[in-house]
Each structure stands twice: as C-alpha cells, then as structure tokens.
Amino acid sequence: MKFYMKVTLSAVFLLSCFIGNAQDHPQRKSSATSALATIDLIRSVQKGEKLTDADWEKLFSTDGFKCYFERTAAKGEKQMIKNAIILCFDKTKQSERDSLLALPLGEVDSRVYNLMVVHNFYKLSTRLDEVEEFLKNTDFESMMDKAQDVVKTFLPPEAGEAEINPFNLYLIATLGEAKVSGSFVFMDMNYAKDLSDSNTINLLAHEYHHNYRGIGLAKMFESNPPAQDILLVALNEIHREGTADLIDKPSSPMEEMDYPASLINAYLQDLKNTPAKLKQIDLITQNYLEEQTDETKKAYNEIGSMIKFGGHSNGYYMATLIKNQLGIEPIIKTYADIQSFIKLYNEAAKKAGNEYVFSDIFINHVDRLFKGEGK
C-alpha cells in the first residue's frame, strides 16, 4: 500500500496499531489440512503407537499450524497441544487425564490456558469421527464469500467497494476459539463444529470489517497522520472491536462461550465498569494536560494497559449504547472514524441520561491528536 511510504516515521508505530490487519497474503483459501493431520496423528496415539519428534514436527509443519506458530501462538503452545493429545487419547493416561479434568478451571489461573486446551481435546475425543466428517464436508470458502456480503451491510457503500486482500482460513487444533493475525484466521476445529453456518459467516465478516476499516484509516491519515500517542492506540482498540462486535455478537461477547467462569466474570465485570473506566481515562488525561509531572505522565502512559480484552468489552459497551440510543447507521458511517465514534458515544450517553459523558477538555485533546498535534 503506497500509504505506508508516505507517513512520517514518528507515526509509523501508531498507524500499525490502527491498521493492525496487514494484508500480507495475496490469495484467499481455506484449509483443513492441519486439523485433519491432527486427527490422523490422534488415531496413531489411540492405536498405542509411539510418536517421534519427527511425527510432531511433521504435524506442526502443515500449512495452518506453520502459519499459526509464526504469527499468533501462545508461548509453549506446541507442548500444550502435545500434552493434551497424549492425555486425552493415550489409554494409559486416563487416570492422569481424569484427575486434571476434575480441577475447576476458574480456580487454577496459573494453568488455565493449558487446562482449557486439555478440556478442548477431551471434548474432541468424544466426537472425533463427527468432527472429521464435518471438516471434509463443509464448504468454508462459500461461507467466506457470504461473509463478504454480510460485512458490506455494516459499511458505507463507498467503503464496501474497496479491494481488500481476502482472508485465509485455517482449521487447526488448539484452544477452542478463533484467532486472527493479519489476513489469517485460525479456527479450532472443535470451535468451528459448534458454530452454525451463520455464526461462522458473521465471525468472518467481523474480521473482514477490520480490513475495510484499515483501508479507511489509511486514506484518512494519508495526508495528515495523527500524533503518536498512547491514548489514540487505546481508543483505536475500543473503536475497532466495538464496531465489529455488533456484526457477530448480538448478546454480550463471551457470556455464552465455553470459557472458565473466572475469565467470563472478569470480562463481564470490565464490561459493566466501562463508564467508570472512561471517567478514569478522562480524569487522567485532564490531569496530564493540566500539569506534566512524573506522576501524571506515568498515569497517562499507562492508559493503554487499562484496555482489557483487546478493547472488546469497553468497545462493545460504547457501540451498543450508540446503537440503542441513535441506531446502527451512525456507527456504519463512522466505521473508520474514531473521533466521530467518541462524539457519537457522548451524544448517546447524554440521551441515555445515566451514562458517563467525556469532558470537553478530553474531546478537544483527542481532536488535536488526530490533527497531528501534541499536548
């Protein structure tokens, strides 16, 4: 994209945070190769065959896993997957597996990710043939096409005409969820099996929205890049996920997902606390603008760490408030306009009458940052 060659160096980091989904793959495709290879390896474990390091490396070298581990996997995730497969499919490990599965997920936070992987593979063990048939007989590329149609209903007509590099969808086997990195979607096969076709289409449309939004932001900032500022990075996360979540999450995100109770409760609490958090960010900003001391600078620079769950919880709260008070059309029109989104939120909050409203000082500061100005 020519835009990247034009921005000033001081804005490169911020813009990379805004655009996020770099379109780094020219050819769309879906692939269940890694998922099916996992099933083949699992059948070897079920037969009692001893696996070598080469067997595991062959699995993790398949297209989906290779791309996943290059981009977005958690630290130590290969070993987690290995352990989960052995525990859940090696008959000699049944006692160890049952003891581990008996642990309440919400009470073992230090190992919660690993345990969630084990739980997901145990679920797979109860329906391996069913999942294999699903992978072989599902037309994922057709759903990717339909997702393109869906996302355009959440974009202004002119934005939907932009050309984006299509996503690549890889079915893999790990934690029961979908992850995105650039133009790549990684979906656990168990998770995919539990989704209806319409849910899968909407999930993909959510991710397509990020790419269209990235193009819109690039055009907006081409001639006048914003200031490099942690507040804008935080607001970008909130806007990006809040607007896209309206596509595939008609009810509160995570509320009905198969996650540990402790994680769901933390999310719901953060969602509920959005007004208090917005007030805190506003006050931190005002204090920083009034006097730049070590203390106020430190607090301002930590605004980014206040945004949890990638912006989903607070963004969903704000976008839903706008939708309920003003309708969906204003959100569609501001799909790539963070400034207008913040002002729409203020308008919706005032109309609701019992929500936090950003101060004029905060709004003016955001406007200056988007003009490329500092304090």
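The salt bridge (Lys or Arg N to Asp or Glu O under 4.0 Å) search around Glu161 returns none, not counting sequence neighbours. Partners of Thr62 under the side-chain contact (heavy atoms from CB on, under 4.5 Å) rule, at least two apart in sequence or in another chain, are Thr33, Ser34, Ala37, Phe65. Evaluation of the side chain to side chain donor-acceptor pair (under 3.5 Å) rule for Thr320 yields no partner, not counting sequence neighbours. With sequence neighbours excluded, the residues satisfying side chain to side chain donor-acceptor pair (under 3.5 Å) with Lys179 are Tyr68, Tyr113.
Screening Tyr170, Phe60, Phe184 against Phe69 for a ring-ring contact (aromatic ring centres under 6.0 Å, His included) leaves a single residue, Phe60.
A centroid separation of 6.0 Å or more is found between the aromatic rings of Phe362 and Tyr300. For Phe358 and Tyr345, the ring centers sit closer than 6.0 Å to each other.
Of the possible polar contacts, none joining the His209 side chain to the Val151 backbone as a donor-acceptor pair under 3.5 Å is found. Of the possible donor and acceptor atoms, none in the side chain of Asp90 sits under 3.5 Å from a partner among the backbone N and O of Val45.
Asp282 and Ser359 share a donor-acceptor pair across their side chains, judged by distance under 3.5 Å alone. Between the side chains of Asp55 and Thr52, at least one donor-acceptor pair of N or O atoms lies under 3.5 Å. Glu355 and Tyr317 are linked by a side-chain donor-acceptor pair at a separation below 3.5 angstrom, with hydrogens and angles left out of the test. Inspection of the Asn265 and Gln269 side chains reveals no N or O donor paired with an N or O acceptor under 3.5 Å.
Residue pairs meeting the salt bridge (charged side-chain N to carboxylate O under 4.0 Å, His left out) criterion with at least one member in residues 187-197, sequence neighbours excluded, are Lys123-Asp194, Arg127-Asp194, Glu130-Lys193. Contacts classified as salt bridge (charged side-chain N to carboxylate O under 4.0 Å, His left out) and involving residues 324-351 (residues at least two apart or in different chains) are given here: Lys343-Asp367.
Put simply, the side chain of Leu135 reaches to within 4.5 Å of the side chain of Ile39, judged on heavy atoms.
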